[in-house]
Amino acid sequence: MKTLLKWSVEDYHNMIDAGILCDRNVELLAGEIIKMSPESPSHYYTVEEGTQYLQTLLASKAHVRFNGPITLSDSEPEPDIAIVRLPKSIYKDHHPYAENIFWIIEVAKSSLKKDLELKLSIYAQARIEEYWVLDLAQKQLIVFRDPENNIYLSQQIIDQGNINPLAFPDIEISVERLVS
């Protein structure tokens, strides 16, 4: 039987500062340092286009982060897109914490299992109010809401039309624009 050593966020930051994780594409998930999935051209394109689209829609309402870390109790994932509170200058000295986050978006093809299991649990445990997974293979958006007891009570699959995020119910976001 193996006993794994769990790393704290502080340990992880110390390793980053010491250069131990230099040139390694990793993230801290539930106390474990996990190799991140490589990005295909379609994944990168979807994330970049989605970020630009959301930046236009949410200008002066929120900061839209592209492939940047967030800091949770025992994790420091790097979601593809994180919509966080303004002003963005508060993130000069730390990554966004759970209370700074409106919602998270992960774009998935090869990482779908991790995004729908491990990251789903981490985000629910952190009580991130809304979590979206863009499934590139199925060209659909999976929306999770209402975190409670480390799970999301609500799940909706959308493949066309618009969605209104909980944080900004007056904003309509085109699902087709996100998953195309």
Side-chain angles (χ1 to χ4, degrees), residues 12-13 15-16 19-30 32-59 61-72 75-84 86 88 91 95-96 100-124 126 128-145 152 155-168 171-180:
Y12 185 67
H13 288 176
M15 284 186 263
I16 291 169
I20 294 169
L21 300 176
C22 187
D23 298 326
R24 294 183 188 210
N25 198 16
V26 297
E27 58 190 339
L28 181 69
L29 300 177
E32 296 181 21
I33 299 172
I34 306 289
K35 185 175 191 309
M36 292 173 60
S37 301
E39 291 184 350
S40 69
S42 64
H43 179 278
Y44 185 85
Y45 178 84
T46 301
V47 175
E48 185 178 45
E49 288 296 305
T51 300
Q52 290 174 1
Y53 173 56
L54 292 170
Q55 285 171 336
T56 301
L57 288 176
L58 299 171
K61 294 181 182 293
H63 174 52
V64 181
R65 290 173 55 99
F66 174 68
N67 286 338
I70 59 172
T71 301
L72 307 175
S75 299
E76 194 160 281
E78 296 189 23
D80 293 311
I81 302 172
I83 299 83
V84 300
L86 291 172
K88 78 179 199 177
Y91 310 116
H95 300 304
N100 303 123
I101 299 167
F102 289 118
W103 83 94
I104 301 253
I105 303 172
E106 295 284 3
V107 175
K109 194 169 187 178
S110 63
S111 66
L112 187 61
K113 180 176 172 47
K114 179 170 70 172
D115 293 335
L116 292 177
E117 292 176 6
L118 180 58
K119 285 194 172 183
L120 178 82
S121 173
I122 289 168
Y123 296 147
I128 305 294
E129 288 297 314
E130 191 161 12
Y131 172 46
W132 297 1
V133 177
L134 296 174
D135 180 347
L136 292 179
Q138 300 298 317
K139 294 210 176 288
Q140 63 187 12
L141 173 65
I142 308 167
V143 177
F144 298 94
R145 293 178 170 166
Y152 283 94
Q155 176 184 333
Q156 181 181 12
I157 297 175
I158 307 168
D159 56 14
Q160 60 184 357
N162 296 325
I163 183 168
N164 303 81
L166 292 175
F168 304 103
I171 302 284
E172 283 196 346
I173 298 174
S174 166
V175 173
E176 289 91 345
R177 280 284 304 268
L178 290 177
V179 297
S180 61

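What you are looking at is a predicted structure, and each value in this text was computed from that prediction instead of being measured. Numbering of residues begins at 1 and proceeds along the displayed sequence.
- At most 12 heavy atoms of other shown residues, nucleotides or ligands fall within 6.0 angstrom of atom NZ in Lys109.
- Note: Phe168 and Phe102 meet the aromatic proximity criterion, with ring centroids under 6.0 Å apart.
- Taken from CG in Asn164 to CD1 in Ile173, the straight-line distance is 8.0 Å, to the nearest 0.5 Å.
- Here Leu120 contributes atom CG and Ile128 contributes atom CD1; the two are 12.0 Å apart, rounded to the nearest 0.5 Å.
- For the residue pair Leu141 and Val179, the shortest heavy atom distance occurs at N-CG1, 4.3 Å.
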For this session: Could you check Lys114 against Ser37 for side-chain contact (heavy atoms from CB on, under 4.5 Å), going step by step and ending with a plain yes or no?
Result: CA-CA 10 Å; Lys114 179 170 70 172; Ser37 301; 4.3 Å; yes

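- Note that the CH2 atom of Trp132 and the CG atom of Leu178 stand 6.5 Å from one another [nearest 0.5 Å].
- Side-chain N or O atoms of Gln140 include none that pairs as donor or acceptor with a backbone N or O of Ile157 at under 3.5 Å.
- Between Ser75 and Pro77, the shortest heavy-atom contact is C-CD, 3.5 Å.
- The shortest distance between side-chain heavy atoms of Ile33 and Arg24 does not fall below 4.5 Å.
- For the pair Ser42 and Leu136, the minimum side-chain heavy-atom distance is below 4.5 Å.
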Problem set entry | Intermediate values then yes/no, side-chain contact (heavy atoms from CB on, under 4.5 Å), Asn100 and Tyr91 | CA-CA 10 Å; Asn100 303 123; Tyr91 310 116; 3.4 Å; yes

For this session: Let me see the working for Tyr123 and Ile70 under side-chain contact (heavy atoms from CB on, under 4.5 Å), right down to the final yes or no.
Result: CA-CA 11 Å; Tyr123 296 147; Ile70 59 172; 3.9 Å; yes

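- Residues forming a side-chain contact (heavy atoms from CB on, under 4.5 Å) with Leu166 (at least two apart in sequence, or on another chain): Glu130, Arg145.
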For this session: Dump the intermediate steps for side-chain contact (heavy atoms from CB on, under 4.5 Å) on Ile105 and Leu54, then the final yes or no.
Result: CA-CA 11 Å; Ile105 303 172; Leu54 292 170; 3.6 Å; yes

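- The minimum heavy-atom distance linking Pro79 with Glu106 is given by the pair CA-OE2, 3.2 Å.
- Taking 4.5 Å as the limit, some side-chain heavy atom of Glu76 sits within range of a side-chain heavy atom of Thr71.
- At a threshold of 4.5 Å between non-hydrogen side-chain atoms, the residues Tyr131 and Lys119 count as touching.
- Shortest non-hydrogen contact noted between Glu78 and Val26 is OE2-O, 3.7 Å.
- Between Ser174 and Tyr53, the shortest heavy-atom contact is N-OH, 2.9 Å.
- Going from atom CD1 of Ile34 over to atom CG of Leu28 covers 8.5 Å, rounded to the nearest 0.5 Å.
- A donor-acceptor pair under 3.5 Å links the side-chain atoms of Asp80 to the main chain of Val107, judged by distance alone.
- In this pair, Tyr152 and Phe144 present their aromatic rings tilted. The plane angle is within the 30 to 60° band.
- Rounded to the nearest 0.5 Å, atoms CD1 (Ile104) and CD1 (Ile122) are 10.5 Å apart.
- The main-chain N or O of Glu117 is never found under 3.5 Å from a side-chain atom of Ser121 such that the two would form a donor-acceptor pair.
- Rounding to the nearest 0.5 Å places CG of Asp159 at 10.0 Å from CD of Gln138.
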